[in-house]
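Note sheet for the following structure.
Below, chain A is the first sequence line, B the second, and so on; all start at residue 1. Keep in mind that this is a model prediction, so the values were computed, not measured.
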Protein chains: 2
Amino acid sequence: MPVTPTSPDSDPPIGRTGSYSKGVARRQEILDRALDVFRERGPEGTSLRRVAEEIGVSHGALLHYFRSREQLLLALYEHTETHRSELRDDDGAENEGAVERLIAAASVNVQMPGFVQLYSTLVAGALEEGSGETKGFFTRRFENVRKQTAERFRRQQEEGSVRTDLDADMVAALIVAASDGLQTQWLLEPSIDLEGTLGMLEELFRA
Amino acid sequence: MPVTPTSPDSDPPIGRTGSYSKGVARRQEILDRALDVFRERGPEGTSLRRVAEEIGVSHGALLHYFRSREQLLLALYEHTETHRSELRDDDGAENEGAVERLIAAASVNVQMPGFVQLYSTLVAGALEEGSGETKGFFTRRFENVRKQTAERFRRQQEEGSVRTDLDADMVAALIVAASDGLQTQWLLEPSIDLEGTLGMLEELFRA
DNA sequence: GTCTATACTCGGATAGAC
DNA sequence: GTCTATCCGAGTATAGAC
């Protein structure tokens, strides 16, 4: 279900005026090594304490930089998402259609089921009450992806390649929903034809 | 995202030949009281130990009947789903269209966000490796709902009310995905027009 | 089979040292 | 701000009493 990234989401931490350097660098360092651990053992069964021990940091110290396990997983998700473009040829992505773009993202995801699984876990966490951080993250993310998808669709409407009697914002929500939902079903039943079904949706929009 | 129930999923426990009575009854009794606790406090922050204490059973005993917290939540989900029909007028459900049916289910869900949240949590759990029980449950469930939806769509195709150049099975997966995905988005952004967007999808299928 | 007792690791919160 | 030490309640596994 993870959906195409949109902006780098560069988030220079909140503490303004001054000593960026020290703390952020340390955090980065810890994160980098934590990512290695996840790469080896998978996020699935890897506890915070295990990660901490493996990278030579105390449990408490790790928690000092990542307020919760969810935050660490979120950082893992962000990192993976950012560096995912390497798997994909981004030529002409500018002129892709709305559905086309999501199909491309889904195709990459099919090669990394663990990423889809992580996404699903985090989204479920975001839906839980009082999940401020994660909730905000995915609310923004969905919003961004929807907006970007709607823009693409509107451009296609202007081109005349797509039905003009449809509300682009609703279409965007629908496309994103279909992409996410199909990836969930595909994880449980790999015989689901992810690309084919999204292709059919694309066809339904054609003028 | 929880999708329309399909069969009562009557699951007379596995132990054949003989003493059904005792253990199952006790389990039912415990479950019934656990449901009350969840009703009061919500499943969200209610621990196994809390539930156990509240219903006058030891922590260990509770675990004896429900092998894990996930299993207990799954039982809660099943129960809620089964008794949900009370919220809904089931007149003429037999002749409903494929999308129409899912819209009806979604409309009920909108009135019980906690149920959608629970569904999302359980599905995410099902996607995790080695989650035998929950995984099997939702794999079957998706399969059933897809099959039922495909049947409805095929009937509509025979009626001529819907495009006949579409593969009903793919359409079914798409409808279910859209419904689930939109409910997720709606939980994070209540301004999402759940019924409206699904209605648009319905319109796309029309002959 | 039903259940108690115990122990283990987990995520997280706290207090305080530096 | 960075981190150690400690403590808590959580989910779960196990052994064994009845």
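- Which of C:dG12, D:dC3, D:dG11 sits closest to the side chain of A:His64 comes down to D:dC3.
- With values rounded to the nearest 0.5 angstrom, B:Arg101 atom CZ is found 12.0 Å from B:Ser179 atom OG.
- In this structure, CZ of B:Arg49 is placed 15 Å from P of C:dT9, rounded to the nearest angstrom.
- Taking side-chain N and O atoms only, B:Ser47 has a distance below 4.0 Å to OP1 or OP2 of D:dA10.
- Atoms CD (A:Glu53) and C1' (C:dC10) sit 14 Å apart, rounded to a whole Å.
- Rounded to a whole Å, the CZ atom of B:Arg69 is 13 Å from the C1' atom of D:dG9.
- Which of D:dT12, C:dG11, D:dT4 sits closest to the side chain of A:Ala61 comes down to D:dT4.
- Between atom CG of residue A:Asp169 and atom CZ of residue A:Arg154 there is a gap of 4.5 Å, rounded to the nearest 0.5 Å.
- To the nearest 0.5 angstrom, B:Gln156 atom CD is 9.0 Å from B:Arg152 atom CZ.
- Comparing C:dG11, C:dC3, D:dT12 by their closest approach to the side chain of B:Arg26 singles out C:dC3.
- In this structure, B:Glu54 places its CD atom 12 Å from P of D:dA10, rounding to the nearest Å.
- Shown here is A:Glu53, whose CD atom has no more than 12 heavy atoms of other residues, nucleotides or ligands within 6.0 Å.
- Following rounding to the nearest Å, A:Arg27 (CZ) and D:dC3 (C1') show an atom-to-atom distance of 16 Å.
- What separates CD of B:Gln71 from P of D:dA13 is a distance of 12 Å, to the nearest Å.
- OP1 or OP2 of D:dC3 sits under 4.0 Å from a side-chain N or O of A:Tyr65.
- Atom CG of A:Leu62 is separated from atom P of C:dG12 by 10 Å (rounded to the nearest Å).
- Between B:Leu63 atom CG and C:dT4 atom P the separation is 12 Å, expressed in whole Å.
- Distance OH/A:Tyr77 to CZ/A:Phe38: 16.0 Å, rounded to 0.5 Å.
- Taking for each of A:His59 and B:Thr46 the nucleotide of DNA chain D with the nearest heavy atom, the 5'-most of the two is the partner of A:His59.
- Not one side-chain nitrogen or oxygen of A:Ser58 sits closer than 4.0 Å to the OP1 or OP2 atom of D:dC3.
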